[in-house]
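As the structure is a computational prediction, the values presented were derived from the model and not from experiment. Below, chain A is the first sequence line, B the second, and so on; all start at residue 1.
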Number of protein chains: 2
Amino acid sequence: MSTVLEPRMSKGEATRERILEIAEAAVLAKGFGATSIEEVIAEAGLTKSGFFYHFRDKNALAREMLRRYVATNDQLFDDIFTRGRELSDDPLQAFLISLKLLAETMADLPSGHPGCLIASICYQERLFDREIRDLTAQSVRDWNARFRAILDGIASVYSPREPVDLDDVADMLSCIVDGAIIMSKTLNDPSRLERQILIFRSCIKLMFAPN
Amino acid sequence: MSTVLEPRMSKGEATRERILEIAEAAVLAKGFGATSIEEVIAEAGLTKSGFFYHFRDKNALAREMLRRYVATNDQLFDDIFTRGRELSDDPLQAFLISLKLLAETMADLPSGHPGCLIASICYQERLFDREIRDLTAQSVRDWNARFRAILDGIASVYSPREPVDLDDVADMLSCIVDGAIIMSKTLNDPSRLERQILIFRSCIKLMFAPN
DNA sequence: CCAGAACTGTACTCATGGTACGGTTTCTCC
DNA sequence: GGAGAAACCGTACCATGAGTACAGTTCTGG
């Protein structure tokens, strides 16, 4: 999940990016409330004045962090699901391929998934203003809608074996991923995430694949 | 999730219980790091000295909170899965019944599920000592093993339609629940949790139910 | 080379977490 | 009903971190 520092980035932008990167890692490891600005700037190698030059306050940092996280994830989903559609014209096959790609991507993370910012924020909701909470909610809704659209495409070709609400099935992917990230981290076993995505994939097959 | 204060509880125990209850709600709402002892004691109606009489430090509070949370959940699972077995001799049917009971239990929570302490701790791991992290890991392992045992019982009667790893299926329940709690909280829609458990139930049916 | 961007340094305020410890009330049990 | 223990209270104190203010310095791109 680390972002490459683009070569054509101004010095200020590069610093901002560095701060956000460090802050995100810290927040995912100990929570926003327990992440001090002082430790962030220590690791980033700048002073408190430097920090407040880039961000008004801690909340602004949280906002930018979240925006960055959502954008990165959106991009990832775009890539993976576009690639799936490229590799198969059948909507079900395309989705199954994409899920495998997603599982592989997660398995390839060097030291496991660092964590989901949305989940982190969710468990510290009182610390954030309405704008941030709205942003997390909207992101989740967007991802669910994206998955729902894919399922609609599948359901227009294959009819599900069991009566299932497609909205719930769409939600399920986010739930599985978030839950599996927690289990991976708690048990210190990164493979759990990959395996859960593949089990979800099996469930999709069971739901839609004819016989 | 609120525990009834037993009548035969000494005054000290009652206070401890009250502190733990208040602290748990606060931790689930804003995280451990951002939960101040001062606000806890203010709500509990005692002084800082009183607090430290019961708990050496904040870490001791976390330990007791976690123990209490795990015990409560263990009890809940015991009740629900025992009841399922009482209502059907068929292991698959018993599990499906239990899942429905679980979904109902979650739907009956007055203002939605307050949150999973394990997940909260997971996203603030650096704040806790090894003992607490080991306790969270062991709890998750225990729950997974419990579900796995149930699945073994089912698999001894019904053979799964798709080749699935039963360990992964067992993990899936915890993942779904944890993920759905996060989605419920983020979208401020308690019904999400119930629906996700029911979708998982559908997946179990699809996996094992003949035809 | 110069204007503005990107910082540094210092010097504060204020709130809060956490510690230490002696004193006081309240319970409990003989 | 009295003694001793359990369950607290009061107060004083330190360390840390958020945030402000602002003047001065260095860097950087055109």
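- Seen from the ring of B:Phe55, B:Arg16 counts as a face-on cation partner, given the 6.0 Å and 45° thresholds.
- In this structure, A:Phe55 places its CZ atom 15 Å from P of D:dT20, rounding to the nearest Å.
- The CZ-C1' distance, from A:Phe51 to D:dA18, rounds to 10 Å in whole Å.
- Side-chain proximity of B:Ser49 to D:dT20, C:dG9, C:dC21: nearest is C:dC21.
- Rounded to a whole Å, the CZ atom of A:Phe52 is 12 Å from the C1' atom of D:dA21.
- One distance of note links CG of A:Leu166 with CG of A:Leu151; it measures 5.5 Å at 0.5 Å rounding.
- Taking atom CG of A:Asp57 as the reference point, atom P of D:dG17 lies 18 Å away to the nearest angstrom.
- The CD1-P distance, from B:Ile19 to D:dA7, rounds to 11 Å in whole Å.
- For A:Ser36, taking side-chain heavy atoms from C-beta onward, the closest of the listed nucleotides C:dG18, C:dC7, D:dG17 is D:dG17.
- Counting atom types as modelled, A:Thr47 pairs no side-chain N or O with a base atom of C:dG9 as donor and acceptor under 3.5 Å.
- Atom CG of B:Leu46 is separated from atom C1' of D:dG10 by 13 Å (rounded to the nearest Å).
- One interatomic measurement links the two molecules: CD of A:Glu39 to P of D:dG17, which rounds to 8 Å at whole-angstrom precision.
- Between the CD1 atom of A:Ile37 and the P atom of D:dA18 there is a distance of 5 Å, rounded to whole Å.
- A close approach under 4.0 Å does occur between a side-chain nitrogen or oxygen of A:Thr15 and OP1 or OP2 of C:dC7.
- Residue A:Tyr53 places its side chain closer to C:dA6 than to any other of C:dA6, D:dG17, D:dC9.
- The CG atom of B:Leu117 sits 10.0 Å away from atom CD1 of B:Ile132, with the distance rounded to the nearest 0.5 Å.
- Remark: B:His54 is not in phosphate contact with D:dA6, judged by side-chain N or O atoms under 4.0 Å from OP1 or OP2.
- Comparing C:dG18, D:dC9, D:dA18 against the side chain of A:Lys58 picks out D:dA18 as the nearest.
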Inset, instruction - Might you work through the ring-ring contact (aromatic ring centres under 6.0 Å, His included) test for B:Phe77 and B:Phe147, ending with a clear yes or no? - result: CA-CA 10 Å; B:Phe77 285 142; B:Phe147 303 145; 5.5 Å; yes

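- Taking CZ of B:Phe51 as the reference point, atom OG1 of B:Thr47 lies at 11.0 Å (rounded to 0.5 Å).
- With hydrogens and angles ignored, a donor-acceptor pair closer than 3.5 Å exists between the side chain of A:Lys48 and the base of D:dG19.
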